[in-house]
2 protein chains.
Amino acid sequence: MQHTSFRTMPCPIARGLDRVGEWWSILILRDAFAGMTRFDAFQKSLGIAPAMLTKRLNALVENGLLAKHRYSDKPPRDEYRLTPRGEDFRPVLIAMLAWGNRHFTPEGVRVQIVDAATGEAADPVIVDRNTGRPIAAPDYVLAPGPAASDAMRTRLAHPSTLLEQRA
Amino acid sequence: MQHTSFRTMPCPIARGLDRVGEWWSILILRDAFAGMTRFDAFQKSLGIAPAMLTKRLNALVENGLLAKHRYSDKPPRDEYRLTPRGEDFRPVLIAMLAWGNRHFTPEGVRVQIVDAATGEAADPVIVDRNTGRPIAAPDYVLAPGPAASDAMRTRLAHPSTLLEQRA
DNA sequence: CAGTATCCTGTCCGATACTG
DNA sequence: CAGTATCGGACAGGATACTG
C-alpha cells in the first residue's frame with residue numbers, strides 16, 4: 001500500500017486527512033470556494049492532467065465534499081458543487097491561507113480575505129465560540145472526548161510517553 | 001516530476017501545502033503539538049517506517065516548522081521542537097480536528113479541544129479579529145492583496161472565467 | 001465542453017535489517 | 001534511543017492523444 005489508511009484511526013485529523021490529503025484535493029476545494037464548478041475551469045486553473053482531475057473530483061464526490069449536478073441534458077453535462085460537508089471545510093482553508101500569508105509571501109500578500117461590506121482585510125483567528133477567547137496554548141488543550149477509548153485517555157494524559165497510537 | 005511544485009504559485013494555500021502536503025507531515029505536527037519531541041515517540045505513535053520518518057522530519061526542519069535541539073552530547077541526541085512557524089500552524093490543525101469531528105466520527109467524539117481552566121469542550125470557530133464576526137460566506141470573500149498581479153486581480157474579480165492560474 | 005485511454009516516471013511509503 | 005541502508009510495490013501525477 002502506498003500509505004496506511006487513516007480512515008479507521010481514532011484521530012479526527014487523520015480521518016479528515018484521509019479525505020483531502022492528496023496534493024490536488026485542497027487546491028480543487030479552494031477553487032470550488034472561489035466559485036468554480038466546471039471541469040474545464042478546474043483544469044485550466046490548476047494545470048492538472050485531465051485524468052488526474054477526474055480522479056480527484058470523483059474522490060471528492062465519493063467522500064461527500066462535492067456533488068455532481070446535471071445542468072444540461074443534451075449534451076449531458078455535470079457541474080461540481082460543494083456539499084454542506086464541503087462548505088464546512090472552509091475554516092480549514094481560511095486557516096491555511098492565513099498561515100501561508102504569514103509565512104510564505106515575502107513579496108507581499110497576493111490573496112486575502114476581506115470583509116465584503118467594508119472591503120477591509122480580515123485577520124482570521126480561531127476562537128472558542130463559547131468564550132470568544134482565541135484557542136491557543138496553554139488556555140486550551142487536547143482532551144479525550146465521550147467516545148474515547150481507555151488507551152486514548154491514558155495517551156492524552158501522558159503525551160510524552162505515547163506508545164500505541166493505533167490502540 | 002511527481003507533482004508540480006506549489007512553492008512558486010501566487011496562492012498562499014498552495015505555498016503552505018508545499019510544506020506540509022505529504023501524508024505524514026500533518027500527523028507529525030499533530031503529535032508535536034501533543035508534546036512529542038523524540039524520534040522514537042513519533043515512530044511508535046505513527047507506526048511509520050523509520051526511514052520515512054527521518055525524511056518527513058528533515059523536511060519539516062528544512063521548511064522551518066521544527067527545529068532540532070541537542071539535549072545530550074554523549075551520546076549525541078536531538079529532539080524536535082516546534083518553531084514559531086510550526087506553532088503558528090496550530091489553527092489549521094484545530095480547524096481540521098473540528099471538521100473531522102463534525103463529519104467523520106459516527107461513534108462519537110474521541111479527541112477534542114477543551115478549555116484548560118474549566119474542562120469544558122471548546123467549539124472552534126474562525127472569526128475576524130477586527131470585527132469578531134465569523135468568517136463565512138457571503139460576509140467575507142477572497143480578494144486581491146497589495147502584492148497581487150493584474151492577472152490575479154481579474155481572476156478574483158471573475159472567478160467563473162478563471163483561465164490562467166499560473167499567471 | 002467534459003471527459004477517457006495510454007504510457008511513463010518519480011517517489012511516497014512499507015518492510016526489514018543493521019549501527020553507534 | 002535515534003537513526004541509516006536497502007529493497008520492492010503501489011500509485012500520484014505528467015504528457016499526449018482521442019471522443020461524443
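Per chain, numbering begins at 1; letters A, B, ... match sequence-line order.
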Please round to the nearest 0.5 Å and tell me the distance separating atom CG of A/D139 and atom CZ of A/R133.
-> 5.0 Å

Respond yes when some side-chain nitrogen or oxygen of B/W23 is under 4.0 Å from OP1 or OP2 of C/dG14, and no when none is.
-> no

Determine the contact category for B/F42: base if any of its heavy atoms lies under 4.0 Å from a base atom, sugar-phosphate if only primed atoms, P, OP1 or OP2 are that close, otherwise nothing.
-> nothing

D/dC11 pairs with which nucleotide, Watson-Crick or G-U wobble, both distances below 3.5 Å?
-> C/dG10

To the nearest angstrom, the CG-P distance between A/L57 and D/dG13 comes to 13 Å

5' priority, DNA chain D, between A/K55 and B/A51 [closest heavy atom] = B/A51

Go through B/T4 and A/W24 one step at a time and tell me if the side-chain contact (heavy atoms from CB on, under 4.5 Å) criterion holds.
-> CA-CA 10 Å; B/T4 95; A/W24 289 114; 3.8 Å; yes

Identity of whatever pairs with D/dG20 - Watson-Crick or G-U, under 3.5 angstrom | C/dC1

Touch check for B/Y71, heavy atoms < 4.0 angstrom, all strands: base, sugar-phosphate only, or nothing?
-> sugar-phosphate

B/R38 vs D/dA2: side-chain N/O to OP1/OP2 distance below 4.0 Å = yes

From CD1 (B/I26) to CZ (A/F6), nearest 0.5 Å | 10.0 Å

Of D/dG14, C/dC13, C/dG3, the nucleotide closest to the side chain of B/T4 is D/dG14

Determine: side-chain N/O of A/R56 to OP1/OP2 of D/dG13, distance under 4.0 Å, yes or no.
-> yes

Plane angle bin for B/W23 and A/H3 - parallel if under 30°, tilted between 30 and 60°, otherwise perpendicular | parallel

A/T54 side chain N/O closer than 4.0 Å to the phosphate oxygens (OP1, OP2) of C/dA2?
-> no

Using whole Å, report how far CE of A/M52 lies from P of C/dT6.
-> 16 Å

